[in-house]
There are 2 protein chains.
Amino acid sequence: MSKQFSSVFIREPRPAKTGGLGRAQIVQAAVEILDAEGTQALSMRKLGAKLGAGATSLYWYVANKDQLHELVLDEFWGMVDTPEPEDASWREVLTTFGYNLRETMYAHPWSTDLIGRIPSMGPNAFRITDRLRRSFVQAGFSGIDIYLASGTVMCYVLGQVIPDIAFSKAYGADQLDAKVGIDEQMDQLAAGYPEMLAEYRDQICMDPDVARAMAFDFGLICVLDGLEARLRKARRL
Amino acid sequence: MSKQFSSVFIREPRPAKTGGLGRAQIVQAAVEILDAEGTQALSMRKLGAKLGAGATSLYWYVANKDQLHELVLDEFWGMVDTPEPEDASWREVLTTFGYNLRETMYAHPWSTDLIGRIPSMGPNAFRITDRLRRSFVQAGFSGIDIYLASGTVMCYVLGQVIPDIAFSKAYGADQLDAKVGIDEQMDQLAAGYPEMLAEYRDQICMDPDVARAMAFDFGLICVLDGLEARLRKARRL
DNA sequence: ACCTGAACACCGTTCAAGT
DNA sequence: ACCTGAACACCGTTCAAGT
């Protein structure tokens, strides 16, 4: 808000010549903490300690915590396997990308917090953007539509997964007690919406993972169908 | 992560008989702080001070900060104007809803932080869910598809706006200096992706608000077209 | 060039105590 | 029933100082 934001990626990283810390190790340690304990567990102090360094040593490599987050977020984008456009049809590329992004987000739930707060402007994010772009060029999109189509698929996946992970974080998949509790809570909360409640009950019979996958698939197909419709319309002109 | 989550909405709020605080005033004050200073400025201490009360008085009305966030988030959903399904076609209802949700999010950028961390299970959220549901029933969707279609539109909007607001927060729309800085940074960051950079430059000529609106519109139409295709397919059976 | 420690100005939450 | 103050265990960040 107040301070001028400056991307970590804008200046050369401080080199890690000697046996010093270096960005690579810092990011790796940060990801380990995030994977093990979640977003709020990552503090500069804890990260420093994990690296066997003073808490404030990190400020040599990074201007502030936001920049650390930028590095970690790009590390996340690096984990998302994105097929080369030349190897498959655009629908296949986008479907695979969508599923991979979704999977990587579930595997690293802290990603949602960062995506919602930190711009994705690192090299790994750009690499993905460019692959999607090439895929849409191949499909026949042109001009600004390339960028728009790419954004649409991306947005759909993020919008699907972000709130779902928020929900999972609240009602942790850990305890069985919780699951019992949810149903009771839902009954109480959704009173007054009998149809909604009925649908919720229908869903509950299913494996929740299956239900989520079904919802994701439904929407992804919608988005791709919509893109294909636009492609046909453009070809007809 | 560690603690069992329990929704604020599960138990009756403590009544505000006398001239005490009461949830309504607490939420209102919290929204004022969020609107004025952003997510990270909202602390229990500051909120208490604003209400002329001790910092810890709030814990009488709310178990913890997450529950305060739950209340505030539902207040946000209450701000999203959702048309009654009876008044228009399903495409109109969904388009209007999409645009209104988007607008409300931009007007209250803190919403993205909460949507990414707090489940939306308050009465206002449910009211919206039910209206969308009825709209899709009217459109001709049935069974689980009602829920899936609704989720698809919702997800698209969230996915579009959340990362965009993250970007805006970083490069605050405040200073002119920043805008100059962005271009230079982009040149440096996107080196190696000449086509991407060219597209970025094309976009820069436009008013950024117009560009954003265009991207949003493009995707929303895709999603609705995809839903309509599915509707036609279902009717044919 | 790289790291440290102390210090500053904050946090959320608990809990005994007040009225 | 409602609110308080002190206290606990934390934060991110700055900065002079060390090697």
Side-chain angles (χ1 to χ4, degrees), chain A residues 1-6 8 11-26 29-30 33-34 37-72 110 113-114 117-118 169-170, chain B residues 1-6 8 11-26 29-30 33-34 37-72 110 113-114 117-118 169-170:
Chain A
M1 277 291 162
S2 45
K3 257 192 285 187
Q4 169 64 20
F5 182 84
S6 175
V8 222
R11 293 231 170 273
E12 282 304 296
R14 291 265 166 66
K17 288 179 186 176
T18 69
L21 278 69
R23 279 187 179 175
Q25 296 127 79
I26 291 175
I33 291 176
L34 287 168
E37 305 181 67
T39 316
Q40 60 178 343
L42 178 64
S43 71
M44 301 301 260
R45 287 172 150 91
K46 195 182 278 187
L47 179 55
K50 181 169 182 123
L51 290 161
T56 59
S57 311
L58 305 164
Y59 285 88
W60 180 255
Y61 299 94
V62 135
N64 49 40
K65 203 184 181 185
D66 272 357
Q67 289 203 346
L68 173 66
H69 281 152
E70 255 194 305
L71 290 172
V72 168
W110 44 266
D113 292 310
L114 298 192
R117 207 171 44 243
I118 307 289
K169 277 175 185 162
Chain B
M1 274 294 163
S2 45
K3 255 192 288 186
Q4 168 66 20
F5 182 83
S6 174
V8 222
R11 291 232 172 272
E12 282 304 297
R14 290 263 165 66
K17 288 180 186 176
T18 70
L21 279 70
R23 278 187 179 175
Q25 296 127 80
I26 292 176
I33 291 176
L34 288 168
E37 304 181 68
T39 318
Q40 59 178 341
L42 179 63
S43 73
M44 300 302 260
R45 287 173 150 91
K46 196 182 277 187
L47 181 55
K50 181 170 181 121
L51 290 161
T56 58
S57 310
L58 304 164
Y59 285 87
W60 180 255
Y61 299 94
V62 135
N64 50 39
K65 204 183 181 185
D66 271 358
Q67 289 202 344
L68 173 66
H69 281 153
E70 256 195 305
L71 290 172
V72 169
W110 43 267
D113 292 309
L114 298 193
R117 209 171 43 243
I118 307 289
K169 277 176 187 164

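Reminder, nothing fancy here: chain letters follow the sequence lines and each chain counts from 1. Worth knowing before you read on, the calculation uses all heavy atoms, side chains too, and leaves out hydrogens, waters and symmetry mates. Quick caveat: nothing in here was measured; it's all calculated off a predicted structure.
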Query raised in the report: By side-chain hydrogen bond (donor to acceptor under 3.5 Å, both in side chains), which residues pair with B/K46, not counting sequence neighbours?
Result: B/E37
Query raised in the report: Within the pair A/W60 and C/dC2, is there a side-chain N or O less than 4.0 Å away from OP1 or OP2?
Result: yes
Query - From CG (A/L68) to CE (A/M44), nearest 0.5 Å - result: 5.5 Å
Report summary line: Taken to the nearest whole Å, CG/A/N64 to C1'/D/dT13 is 9 Å
Report summary line: So the salt bridge (Lys or Arg N to Asp or Glu O under 4.0 Å) pairs with at least one residue in residues 50-63 of chain B (sequence neighbours excluded) are B/E32-B/K50
Query - Candidates C/dA1, D/dG12, D/dC3 - which lies nearest the side chain of B/L21 - result: D/dC3
Query raised in the report: A/Q67 side chain to A/S6 main-chain N or O, any donor-acceptor pair under 3.5 Å?
Result: yes
Query raised in the report: Which salt bridge (Lys or Arg N to Asp or Glu O under 4.0 Å) pairs, counting each pair once, include a residue from residues 51-70 of chain A, with sequence neighbours left out?
Result: none
**Report entry** d(NZ, A/K65; P, D/dT14) in whole Å
**Finding:** 14 Å
Query raised in the report: Below 4.0 angstrom from OP1 or OP2 of D/dC3, is there any side-chain N or O of B/Y61?
Result: yes
Query raised in the report: C/dT14 C1' sits how many Å from B/M44 CE, rounded?
Result: 13 Å
Query raised in the report: Rounded to the nearest 0.5 Å, what separation is found between the CG atom of A/L21 and the CH2 atom of A/W60?
Result: 12.5 Å
Report summary line: CG (A/N64) and CZ (A/F5) are apart, to the nearest 0.5 Å, by 8.0 Å
Under 3.5 Å between N/O atoms: give me all the protein pairs with nucleotides 17-19 of chain D, atom names plus distance.
none

Requested in this report: Could you grab the distance from atom CG of A/L71 to atom CD1 of A/I26, nearest 0.5 Å is fine?
Outcome: 8.5 Å
Query raised in the report: Tell me: CD1 of B/I26 to P of D/dC2, nearest whole Å?
Result: 11 Å
Query raised in the report: In dot-bracket, 5' to 3', how would DNA chain C read with Watson-Crick or G-U wobble pairs under 3.5 Å, [ ] for crossing ones and | for pairs to another strand?
Result: ||.|||||...|||||.||
Report task. Specify the residue among A/K46 and A/A63 whose closest nucleotide of DNA chain D lies further upstream toward the 5′ end. Result -> A/K46
Report task. Quick one: closest heavy-atom pair of A/L58 and A/G48, and the distance? Result -> CD1-N, 3.9 Å
Requested in this report: Can you see which heavy atom on B/A30 is nearest to which on B/L47, and at what distance?
Outcome: N-CD1, 3.6 Å
Query raised in the report: Separation of A/L42 atom CG from D/dC10 atom P, in whole Å?
Result: 16 Å
Distances under 3.5 Å between protein N/O atoms and the N/O atoms of nucleotides 4-7 of chain C, please, pair by pair.
residue : atom : partner : partner atom : Å
C/dT4   : OP2  : A/G54   : N            : 2.5
C/dT4   : OP2  : A/S57   : OG           : 2.3
C/dG5   : O6   : A/T56   : OG1          : 2.8

Report task. Take atom CG of A/L51 and atom C1' of C/dC3, then tell me their distance rounded to the nearest Å. Result -> 13 Å
Query - Euclidean distance, B/D113 CG relative to B/L42 CG, rounded to 0.5 Å - result: 11.0 Å
